[in-house]
Structure formats: structure tokens, C-alpha cells
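So that the names make sense, note that chain A is the first sequence line, chain B the second, and so on, each numbered from 1.
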Amino acid sequence: MGKQFLLGNIKVPGIHTYDVYRKHGGYNAAEKALKTQTRDQVIEEVKFSGLRGRGGAGFPSGMKWSFLDQKSDKPRYLVCNADESEPGTFKDRFLMEKLPHLLIEGMIISSYALGAKTSYIYIRGEYMYVLRILEKAILEAYAAGFLGKNILGTDFSLDLYVHPGAGAYICGEETALLESLEGKRGLPRLKPPFPAIAGLYACPTVVNNVETIASVPCIVNISADLYNDIGIGKSTGTKLISASGHINKPGVYEIELGLPVEEFIYSDEYCGGIWKGRSLKAVVAGGSSVPILPANLILKTAKGEPRLMTYESLSDGGFVSGSMLGSGGFIVMDETTCIVRNLWTFARFYHHESCGQCSPCREGTGWMEKVLHRIEHGHGHMSDVDLLVDIAKKIEGNTICPLGDAAAWPVASAIRHFREEFEYHVKYPEKVKDPKHFEKEPFVSEKLERAVH
Amino acid sequence: MSEVRFSNDTLTLVSKLIGRYPEGRQKSALLPLLHIAQSEFEGWLSVPTMDYVASLLKIQPIEVYEVASFYSMFNLKPVGRCLLEVCQTGPCWLRGSDDIVIHLEKKLGIKVGETTADGMFTLKTVECLGSCDTAPMLQCGAAYYENLTTESVDALLVKLNADGERSSYMK
């Protein structure tokens with residue numbers, strides 16, 4: 001078992017309550033930061049820790065904090081992005097449900113460092129029961145004097161509120177989230193200005209993912225030096241991985257960055273191998289938006305080195321032979337999976353979630369879904385495969401926010417690595433009539449078969 | 001239709017919610033208020049309901065309509081007492097969400113998007129609800145029903161029927 005910076009106490013009964021959390025060292029970091037460290041010291045610690053945004057983009061968190069406009073005379077805001085909606089990702093829900101006080105403690109320290117007096121946790125509306133858990137924990141924190149006026153007798157005061165979304169993936173994009181928090185449609189803003197200059201109510205704002213903020217108490221507790229001892233290179237500390245799909249043990253796992261992918265998939269400590277004794281076909285390693293990789297390329301890089309769970313190793317080879325760590329939404333597919341059908345569900349998702357602001361995304365996501373639907377249902381043409389590549393190319397990089405890229409990458413990568421399977425659907429429409437077409441007889445690459453015989 | 005108005009208790013809650021945002025930024029309370037309104041007025045947002053919310057926040061009705069129509073959790077048409085929302089995105093599909101949808105359609109005698117004749121159930125498919133490790137799953141009100149099998153779905157329908165309560169995200 002590796003280091004457990006976040007989930008170390010997860011099995012302690014009642015850890016979601018203030019009393020138990022406090023008894024197990026909870027709020028010690030808040031105490032340490034507020035009483036013994038200056039705001040700048042906390043920011044420096046987070047910078048030195050090497051902590052990177054855990055929502056998907058992986059941007060250095062300390063650097064993001066240092067962009068916040070400190071000269072402005074407007075109020076400053078910290079907003080926690082709990083709009084977790086990336087398919088395959090459920091670690092933030094797990095963390096908030098089981099350890100609400102860890103997030104609250106992280107919000108207190110981070111708000112202190114940034115000079116925010118009011119902070120919000122924007123949680124996706126579907127997680128309403130988690131919102132109730134958070135609100136209960138916030139009341140406990142107020143009662144214990146960790147929120148409200150003059151916390152721990154210092155001159156730092158903080159009000160913390162939870163705000164529900166109402167079903168829109170796009171609100172995970174930070175400027176769409178801010179629009180939504182202002183009571184509007186979640187349409188991403190043109191940048192610049194970035195939120196650090198003009199965010200919530202046009203005031204300087206930092207938006208951070210749940211896991212990012214929950215990592216801050218640990219950094220303050222053990223020091224940045226010890227935090228970045230864990231990990232490899234620029235991937236420091238631990239990361240929560242949401243493991244789903246065709247594995248024996250789906251769930252949330254905290255891993256030390258640098259763990260070999262093979263160990264993560266096959267070790268009983270983590271995924272426990274592929275279910276039903278089947279073999280691995282493909283993995284989407286960082287949430288639905290990142291490129292899919294076939295078994296050989298997820299276990300080893302194109303250079304033949306073992307693939308590691310780090311930002312760098314997972315993206316080794318660029319999009320030709322690599323992918324991304326993303327949000328850590330690790331979706332595993334066994335040999336019976338139809339790559340086309342899985343991709344169609346993703347395309348349908350992005351079509352449904354496109355905010356409609358930019359035409360390449362609004363039109364392109366719907367078009368890709370339509371083409372994938374007809375290929376999957378045996379009505380495709382051979383030219384459809386290249387058509388998909390073409391549409392994806394024309395969406396990528398041509399939209400205000402990254403949703404367009406997120407919709408394009410899965411399509412481009414699935415065709416790059418599994419083109420033959422798409423062509424099979426066109427060539428043999430009668431063989432894909434049954435929606436479970438590869439369940440009894442997994443798809444085998446003809447090229448591969450020829451090579452064997 | 002009776003007059004659209006929150007109870008006094010709810011109105012107290014509403015002013016508390018508005019107080020969470022800075023002076024003049026009361027529009028921020030729109031999503032929380034729409035959730036409450038939908039829950040209090042039979043699970044959907046009628047035009048009079050939206051107009052009422054607009055009046056509480058001192059904003060134009062159009063500002064409410066455009067928001068209500070953007071977010072997938074708001075129903076702009078009446079729905080059954082229990083809204084069953086089955087997740088159908090990749091990770092759930094890999095674990096058999098199609099079978100759950102087909103089973104529910106057969107069992108309820110309706111297609112996705114329809115409501116049973118007795119007004120009890122509306123069946124809807126939704127995109128990723130962030131419960132991929134317990135797939136297949138569905139949401140009804142605030143509750144997540146996870147690791148579904150056709151048997152557990154049957155049992156759930158019996159339970160919901162017996163309870164007879166209207167599903168709400170707020171309960």
C-alpha cells in the first residue's frame with residue numbers, strides 16, 4: 001500500500017463528523033496555517049509541493065494561486081469546483097461524501113492564503129445528497145469556530161456556502177461554472193480576462209477542483225518537502241483514481257503518482273484484474289475526454305517502457321501513442337467491448353452537453369453522434385470513417401472552451417487505434433445487428449489473424 | 001390552478017439563500033430557488049412558477065426561462081410522481097445499463113421519455129451521474145440506486161409504488 005495523504009482515515013467510523021475528524025488530527029493543518037504561517041508562506045508551500053490541478057488539466061496549483069490579482073480593491077473569491085461530471089470520474093463525490101471536513105479544512109486554508117472572505121463550493125445538482133452532507137459538516141465547522149468571524153481568534157473570517165448546479169457538464173469549465181454561480185446559463189467566457197483577474201462578479205477569483213483543495217491540509221501538515229518526495233518528476237504526491245468498467249474491483253483508489261499502470265490494473269490492491277477471466281482490450285485512462293489506448297499501449301509506451309500513472313508517462317508519445325492522466329477516470333474495457341458503441345455513447349454525451357455557443361462544437365458533436373450511430377447500427381459507409389476524422393479535426397482548437405477538444409479526441413483516437421473495427425461494422429452490417437455483437441465472439445483484427453496463420 | 005406561492009417557512013429559507021450572495025447579486029440564488037420551486041410544485045416548472053421565482057429575485061421572467069431551459073434537471077413539462085433517471089454513458093453501458101433500460105421499458109410498458117398511464121413513473125435516460133463504480137445505476141429524487149440488476153429494479157418499483165411519494169431532489 002502506498003502513502004494515503006487523503007484517504008488515510010477513510011475507514012475510521014464516523015470520520016465524516018467533526019468530532020471524529022478532529023480527534024484524528026483534523027483541522028490541525030488549519031490551526032497551523034492560520035496561527036503560524038503568513039498567507040504568502042502557505043502559497044509558497046503549495047507551490048513547492050508541486051501539487052497540480054486534480055480536475056483534469058493538471059496546471060500547477062501554486063502558480064494558479066499566484067496569478068490572483070492581489071492589488072485589486074475588490075473582494076477575492078475562492079470557488080471549489082465540485083461539478084464532477086466527466087464520464088468515468090467519481091472520486092470527488094466519494095471524497096465529499098466520506099470526508100466532508102477534509103474539503104472544508106482545505107477551503108479554510110486556501111481561502112486564508114488567497115485572502116478570500118467568502119467562498120463557495122459549486123456542486124453538481126445531481127449530488128444533492130452530498131450537498132446535504134457538506135452543509136451539515138459546515139454547520140459543525142461554524143459551531144467549532146473554524147468558520148465565521150475571527151477564526152481561532154485571528155483576524156481571518158470566512159463564510160463558506162454550498163451552491164447546487166442543475167445538470168450541465170459544461171459547468172465544470174471554470175468560467176461556465178462562474179456564469180452558472182451568477183444565476184445564468186453555463187456558457188464559457190472568452191479569455192482573457194482570466195478568473196484570477198475578473199472571475200465571480202468580475203472580482204479576482206480562483207477556481208480549484210475538490211481533490212486539489214483537499215490536498216492542501218496534508219501539504220501544510222507534513223510540509224511541501226515531504227509531499228513532493230512522493231511521486232516522480234513533476235507528478236508529485238498522490239492522486240485519486242476512479243476505476244470503472246470491466247474490472248473485478250471498481251472503486252476509488254488513492255495511488256502514489258508513479259505506480260505502474262499494469263500493477264494498478266492487475267494488483268488485488270487496486271482493480272484486481274479484468275472481470276470474468278477475460279483479457280484487456282482498451283483503457284480510457286483519464287475520463288472520457290482523453291484518447292483511448294489499446295492494451296499494448298496502455299501497459300507500455302511505444303518505446304517499450306512500462307507506462308506509469310503520472311502526467312508525463314501517460315502522455316508519452318503524444319496523441320499518436322499516448323493519452324493523458326486527466327481527471328483520473330480510469331475506464332477499463334475487456335475483449336468483448338465494441339469500441340464503436342462505447343464511442344457512440346461518448347459522442348452522444350458531448351452532443352447532449354455542448355452549450356451551443358460555438359458552431360464547430362454545437363454542429364460537430366451532433367454530426368459525429370449521427371455518423372457513429374449509423375456505423376454502429378450497420379448503416380455506415382466506408383467514407384464515414386474518414387468523415388469522422390475530418391469533423392473531429394475541424395472541432396479541435398476552434399472553440400471557446402475545451403469541450404470541443406474533449407469531444408474530438410476520443411473519436412480521433414478510437415479511429416487511430418481501432419480503424420479496422422469501424423470498417424468491420426461497415427463491411428458486415430448483418431454481424432453487428434445484435435447490440436451485443438462482440439459479446440459472444442470478440443472482434444478479432446483480420447490483419448492480426450492473417451499474421452498468425 | 002391555485003396561486004403559486006411558497007409557504008412562509010420556504011420564504012424564510014429563500015431569503016436566507018439570497019443572503020449567501022453579495023448585495024445586488026441575488027440572481028445567484030436562481031438555481032437553488034428553481035430546485036426548491038420544482039420540488040414544491042409537483043416536480044416541474046410551469047410558466048407561472050418561473051414568473052413567481054423571477055418576482056422573488058426581482059429579475060425579468062426571461063432570465064428565469066433561459067436558465068430553466070438550459071439545465072437538464074429542470075422539467076418544463078409535467079412528469080410522473082417518480083422520475084426514473086437511468087445513466088447510459090460509457091462506463092454504465094459497459095456494465096449493462098442497456099439491459100436495465102430495456103427491462104424498465106418492458107416492465108412499465110412505456111418507452112424512454114414517456115410516463116405511465118397512471119402518472120406514477122416517467123422513464124428518462126441521462127448522461128454520466130458520477131457513479132461508474134456501482135454501474136449500472138439510476139437516480140430517483142436525491143437517491144442513487146446502484147449495482148442494479150433486473151431483480152433489484154423490480155424490487156425498487158414495488159417499493160416506490162408502495163411509498164407513492166413524489167420524487168424530489170430536495171428530499
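If you measure heavy-atom distances from Trp344(A) to chain B, you find no contacts under 4.5 Å at all. Both the backbone and the side chain of Ser180(A) come within contact range of chain B, judged by heavy atoms closer than 4.5 Å. For Ile170(A), the part lying under 4.5 angstrom from a heavy atom of chain B is the side chain only. Of the two parts of Lys91(A), neither the backbone nor the side chain holds a non-hydrogen atom closer than 4.5 Å to a non-hydrogen atom of chain B. The contact between Val332(A) and chain B is made entirely by backbone atoms, counting heavy-atom distances below 4.5 Å. No part of Ser288(A) comes within reach of chain B, as not one of its non-hydrogen atoms sits under 4.5 angstrom from that chain. Only the side chain of Arg93(A) comes within contact range of chain B, judged by heavy atoms closer than 4.5 Å. Residue His246(A) touches chain B through both its backbone and its side chain, counting heavy-atom pairs closer than 4.5 Å. With a 4.5 angstrom heavy-atom cutoff, Arg348(A) touches chain B via backbone and side-chain atoms both. With a 4.5 angstrom heavy-atom cutoff, Phe346(A) touches chain B only via side-chain atoms. With a 4.5 Å cut-off on non-hydrogen atoms, Asp99(B) touches chain A through its side chain but not through its backbone. When heavy atoms are compared at a cutoff of 4.5 Å, Cys355(A) approaches chain B by way of both its backbone and its side chain. Of the two parts of Leu181(A), the backbone and the side chain both hold a non-hydrogen atom closer than 4.5 Å to a non-hydrogen atom of chain B. With a 4.5 Å cut-off on non-hydrogen atoms, Phe94(A) does not touch chain B at all. Neither the backbone nor the side chain of Glu84(A) comes within contact range of chain B; no heavy atoms are under 4.5 Å apart.
One distance of note links CG of Leu280(A) with CG of Asp334(A); it measures 8.5 Å at 0.5 Å rounding. Residue Cys140(B) holds its SG atom at 5.0 Å from CG of Leu84(B), rounded to the nearest 0.5 Å. Atom CD1 of residue Ile123(A) and atom CG of residue Asp92(A) lie 9.0 Å apart, to the nearest 0.5 angstrom.
Contacts from residues 68-79 of chain B to chain A, taken as heavy-atom pairs separated by less than 4.5 Å, involve Ser69(B), Phe70(B), Tyr71(B), Ser72(B), Met73(B), Phe74(B) in sequence order. Residues of residues 149-171 of chain B lying under 4.5 angstrom from chain A, judged on non-hydrogen atoms, are Tyr169(B), Met170(B) by number.
When each of Gln88(B), Glu85(B), Glu66(B), Glu63(B) is scored by its heavy-atom pairs under 4.5 Å with chain A, the top score falls to Gln88(B). Per-residue counts of heavy-atom pairs under 4.5 Å with chain A were compared for Leu34(B), Leu129(B), Leu30(B); the largest is that of Leu129(B). Considering only heavy-atom pairs separated by less than 4.5 Å from chain A, the leading option among His35(B), Lys27(B), Gln139(B), Arg20(B) is Arg20(B). In terms of heavy-atom pairs under 4.5 angstrom with chain A, the leader among Ala143(B), Gly90(B), Ala142(B) is Gly90(B). Annotation: maximal heavy-atom pairing with chain B below 4.5 Å, among Arg124(A), Arg132(A), Glu353(A), occurs at Arg124(A).
Side-chain contact of Asp9(B) with Ser7(B): a donor-acceptor pair under 3.5 Å is absent, judged by distance alone. Side chain to side chain, Tyr201(A) and Ser28(B) meet the donor-acceptor criterion of an N or O pair below 3.5 Å. Under 3.5 Å, the side chains of Thr89(B) and Glu127(B) contain a donor-acceptor pair of N or O atoms.
Listed for the His377(A) side chain is a donor-acceptor partner under 3.5 Å among the backbone atoms of His373(A). Within the 3.5 Å criterion, the main-chain N or O of Gly119(B) finds no donor-acceptor partner in the side chain of Thr115(B).
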Item to check | side chain to side chain contact (heavy atoms under 4.5 Å, CB included) between Phe90(A) and Cys132(B), intermediate numbers included | outcome: CA-CA 7 Å; Phe90(A) 41 91; Cys132(B) 323; 3.5 Å; yes
Item to check | Residues Tyr21(B), Tyr120(A); criterion ring pair (Phe, Tyr, Trp, His ring centres under 6.0 Å); working and verdict | outcome: CA-CA 10 Å; Tyr21(B) 310 95; Tyr120(A) 298 97; 5.5 Å; yes
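The residues Lys184(A) and Glu182(A) are annotated as salt-bridged, a charged nitrogen and a carboxylate oxygen being separated by less than 4.0 angstrom.
The closest side-chain heavy-atom distance from Glu376(A) to Val432(A) is not below 4.5 Å. For the pair Val86(B)/Leu123(B), a side-chain contact is recorded, criterion being any heavy-atom separation below 4.5 Å from C-beta on. Residues Lys436(A) and Cys338(A) form no side-chain contact, since every pair of their non-hydrogen atoms from C-beta on lies 4.5 Å or further apart. Using a 4.5 Å cut-off on side-chain heavy atoms (C-beta onward), Phe121(B) and Leu83(B) make no contact.
Taking the six-membered ring for Trp and the full ring otherwise, the centers of His163(A) and Tyr122(A) sit less than 6.0 Å from each other.
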If you look only at distance, which donor and acceptor atoms sit under 3.5 Å apart when one is on a side chain in residues 73-80 of chain A and the other is two or more places apart or in another chain?
residue  : atom : partner   : partner atom : Å
Lys74(A) : NZ   : Ala202(A) : O            : 3.1
Arg76(A) : NE   : Gln70(A)  : OE1          : 3.2
Arg76(A) : NE   : Leu114(A) : O            : 3.0

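In this structure Lys107(B) satisfies the side-chain hydrogen bond (donor to acceptor under 3.5 Å, both in side chains) test with no other residue, sequence neighbours excluded.
Relative orientation of the Phe6(B) and Phe41(B) rings is parallel, given thresholds of 30° and 60° on the angle between their planes.
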